There are 2 protein chains.
Amino acid sequence: MENAQRGGRRRRRPRQSDIARVAGVSQTTVSLVLRGTTIGMSLAAETRQRVLDAAERLGYVPDPVATRLAAAGNAMLGLYTFSATFPTDVAHSYYPILAGVEEEAAAQGQDLILFTGSSRSGTGAGDPASLRRVRVADGCLFFGRHVPDEPIRQLAEDGFPFVYIGRRNEPDVPYVGADYVSASAAVLAGLAAAGHRRVRYLREHDQAPSSADREEGVLRGARSTGTETAGLVVRTDGTGLNGLLASWLDDGVTAVVVEQTDTGAALAGLGAAIERAGLRCPRDLSLAVLGAPVGARGRAPGGGAVFSGFDVPMREMGRDAVRLLLRLIEGAEGVETRRLLPCEPVDGGTIAPPRPPGRDPRRE
Amino acid sequence: MENAQRGGRRRRRPRQSDIARVAGVSQTTVSLVLRGTTIGMSLAAETRQRVLDAAERLGYVPDPVATRLAAAGNAMLGLYTFSATFPTDVAHSYYPILAGVEEEAAAQGQDLILFTGSSRSGTGAGDPASLRRVRVADGCLFFGRHVPDEPIRQLAEDGFPFVYIGRRNEPDVPYVGADYVSASAAVLAGLAAAGHRRVRYLREHDQAPSSADREEGVLRGARSTGTETAGLVVRTDGTGLNGLLASWLDDGVTAVVVEQTDTGAALAGLGAAIERAGLRCPRDLSLAVLGAPVGARGRAPGGGAVFSGFDVPMREMGRDAVRLLLRLIEGAEGVETRRLLPCEPVDGGTIAPPRPPGRDPRRE
DNA sequence: TCAAGGCGCTAATACGCATTAATGAAACTC
DNA sequence: GAGTTTCATTAATGCGTATTAGCGCCTTGA
């Protein structure tokens, strides 16, 4: 239909059969020679040379499309996200995943298809029709905080290979996630070691496995270190943070732990509240961030210090997800299909010993 | 060979012949129905519906490779870069292009295939074989500072549609670039308006169209504003900047213009030298940057001000390149295939009137 | 009643390459 | 010299889709 080659006087690209004619052999022989597939085959050196010469003379280059068709597999991995793929505001947060995926895919000789379906149809991210498109790839990676279960189950039933980036609760769903539980517990341990006993954990309202894991880690860490757990967990939609902050100070809270999600709303809001209150960190209040994306870590309010907490190994998650997906595609047995990667602790400058009891930083 | 289906229970992807069997028609009919190619054909509405139902039920998606082999389009655009696609250090510099491309591709209902030049063959980025893979897409976008000409010419000869992101010198090569010449000239005009007459332009050593354009713009701007052109252009490999800076001050230079490329080496080096010399900007020296990527603009040394200069409309270049490519794919006539987009001037805080003649900022 | 034409659908083929089964010929065995 | 084993090559087929050239049937007009 729109094949440009039909133009007319343009010389058709030479194919194997052209070489075959020139060299006086069959197309099969040409394929064998050029492919180097001497497995179980043997070719006369003289014939091989004739073919190579002819190929050289005609300027033969293999057609990658035909090659892939014949090889019954198209060496393409899909990447599908349930949020719009590249929204500007989360760019920094998800970019390392993409970078890691791309990097490893390239290393493995796979091309990457970015499915843009989520943003297109407008019917929301999980549109089943758009999701089905991923099947053009040999396998697919999924990521995004919130995910529709049903269409995925369909794919799973069909035996289509896929891997989530991020932990999932559904059984039998392969994923590569981050060990938020251990990392969060470690942060609480660090605060306790610095002397903090009254802490608040500020998290967003929504429900996602990664949020649940952080909360679990925080609670676990608090319990095992003697940190108070009453009132520890606080949910926010990003509003009323001024009031919250004030009440915490009234209560003698000396450290705040903040969940960092892709939007970063909680942290940004709290940072603004702290600056408005004229507080300095960590002198007046210690601060820790759970899961700042590597390389996009912000600066603490009023201080310019790097946030203490931990980094999420986004890039490595992307890489590992590709490796796992390829194992699944090749049908490997006995692969561990649910992996949690350790998070890198960050010893920033926002944790200090607590201020003396009774001292109200707002009075100074 | 690498046929993944053998795993056992994985259901093969349904093809048109499967649909045909279920619907009780021929594969041809399935193709006609799904393709919507009713040109000169007529199909019973009832038959059409049966086919559509079967396709839906089986979860059919067309194989992009086979589709291409049969000389039809598959609604996929390629994106190929000659540097590794996502090297960490240039991440911020190229990301907006990717974002723009993705955004527009999604809006146009096209998926995106990321081809990584540096992939399997290991023979380097411009490896011809690796480049040919792009043909599985309907068309392809290219970007990267340095580019091998020959393989591209091959594609062009075959009538394969492609667009460069970034200006190219070769005639007949479609591109979407940035108007560095005008933007650079405008920066020089701005410096002249502030009173600067003795200026230096620091550029990197390599040769790329975008660098040549900036230099041309600088010279043009200098000539038309009475700025000295002798010794204006200085090339650097990033070393010896301390000495350079000292000699400039000796010569009474009051402003420096720096080329910002994807590596940002020149700017980073100069910034360090300025800080080491204890200078403040713009009090002691005015500074302008040619082509800071939007959103990743750094801060001036010792001042914290935003660099004056101009922004490169990377995102818009990405978007426009997609639009142009689609026009080429559909074979539109009379399309302007070589486009330069205007750069956004940035009135930052690093340009001030020159210090009084004879005053040496190092003595203070 | 017959040719002309429209309708609804399919058989056959092309796309370019990889792979398997098979063939003919030469070399070797006893 | 009949049977067996290598060796070198090829015919045939498949990969999944698009397109071309019909085929049989039913109307229509004369």
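The analysis underlying the following values was restricted to heavy atoms, covering all of them including side chains, and did not include hydrogens, waters or symmetry mates. Please read these numbers as outputs of a predicted model, since none were measured by experiment.
For the side chain to side chain contact (heavy atoms under 4.5 Å, CB included) test, residues two or more places apart in sequence or in another chain that qualify with Ala332(B) are Arg327(B), Glu330(B), Val335(B). Remark: Phe142(B) engages Tyr80(B), Phe82(B), Phe162(B), Tyr164(B) in a ring-ring contact (aromatic ring centres under 6.0 Å, His included) (not counting sequence neighbours). With sequence neighbours excluded, no residue satisfies side chain to side chain contact (heavy atoms under 4.5 Å, CB included) with Asp172(B).
Nearest to the side chain of Thr47(B), among dG16(C), dG8(C), dG16(D), sits dG8(C). Side chain of Tyr60(B), nearest nucleotide from dT17(D), dC17(C), dT10(D): dT17(D). Of all nucleotides listed (dA8(D), dT10(D), dT17(D)), dT17(D) comes nearest to the side chain of Ala70(B). In the set dA18(C), dC9(C), dA8(D), the nucleotide with an atom closest to the side chain of Ala44(A) is dA8(D).
Annotation: side chain of Asn74(B) is not in contact with side chain of Pro62(B) (no heavy-atom distance under 4.5 Å). Counting only heavy atoms from C-beta outward, the side chains of Leu98(A) and Leu98(B) approach each other to under 4.5 Å.
One interatomic measurement links the two molecules: CD1 of Ile19(B) to P of dA18(D), which rounds to 11 Å at whole-angstrom precision. Rounded to whole Å, the distance from CG on Leu34(B) to P on dA18(D) is 8 Å. Arg48(A) has its CZ atom 14 Å from the C1' atom of dC7(D), to the nearest Å. Atom CZ of Arg135(B) is separated from atom P of dC15(C) by 14 Å (rounded to the nearest Å). In this entry the distance linking CZ of Arg68(A) with P of dG14(D) reads 24 Å, nearest Å. One atom, CZ of Arg35(B), and another, P of dG16(D), lie 18 Å apart when rounded to the nearest Å. Here the P atom of nucleotide dG14(D) and the CG atom of Asp63(B) are 18 Å apart, to the nearest Å. Atom CG of Leu43(B) and atom C1' of dC7(C) are 10 Å apart (whole Å).
Helix-axis bend for the helix from dT1(C)-dA30(D) to dC30(C)-dG1(D): the local axis fitted to the five terminal pairs at one end deviates from that at the other end by 60°, rounded to 10°.
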Could you pull out the protein-nucleic contacts involving nucleotides 25-27 of chain C (nitrogen or oxygen on both sides, under 3.5 Å)?
none

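The residue Ser17(B) sits apart from the nucleic acid: no heavy atom pair falls under 4.0 Å. Looking at heavy-atom distances under 4.0 Å, Val30(A) makes no contact with the nucleic acid at all. The residue Val65(B) sits apart from the nucleic acid: no heavy atom pair falls under 4.0 Å.
Within the model, atoms CD1 of Ile113(A) and CG of Leu77(A) stand 8.5 Å from one another, a figure rounded to the nearest 0.5 Å.
Sorted pairs that involve residues 53-67 of chain A and meet salt bridge (charged side-chain N to carboxylate O under 4.0 Å, His left out), not counting sequence neighbours, are lacking altogether.
Across the interface with DNA chain C, nearest-nucleotide mapping of Leu69(B) and Thr29(B) shows Thr29(B) to be the residue nearer the 5′ end.
Judged by distance alone, with hydrogens and angles left aside, Thr28(B) brings a side-chain donor or acceptor within reach of the base of dT19(D), the pair sitting under 3.5 Å. On a pure distance criterion of 3.5 Å, a polar donor-acceptor pair joins the side chain of Gln27(B) and the base of dA18(D).
Using a 4.0 Å cut-off between charged side-chain N and carboxylate O, Asp18(B) and Arg13(B) make no salt bridge.
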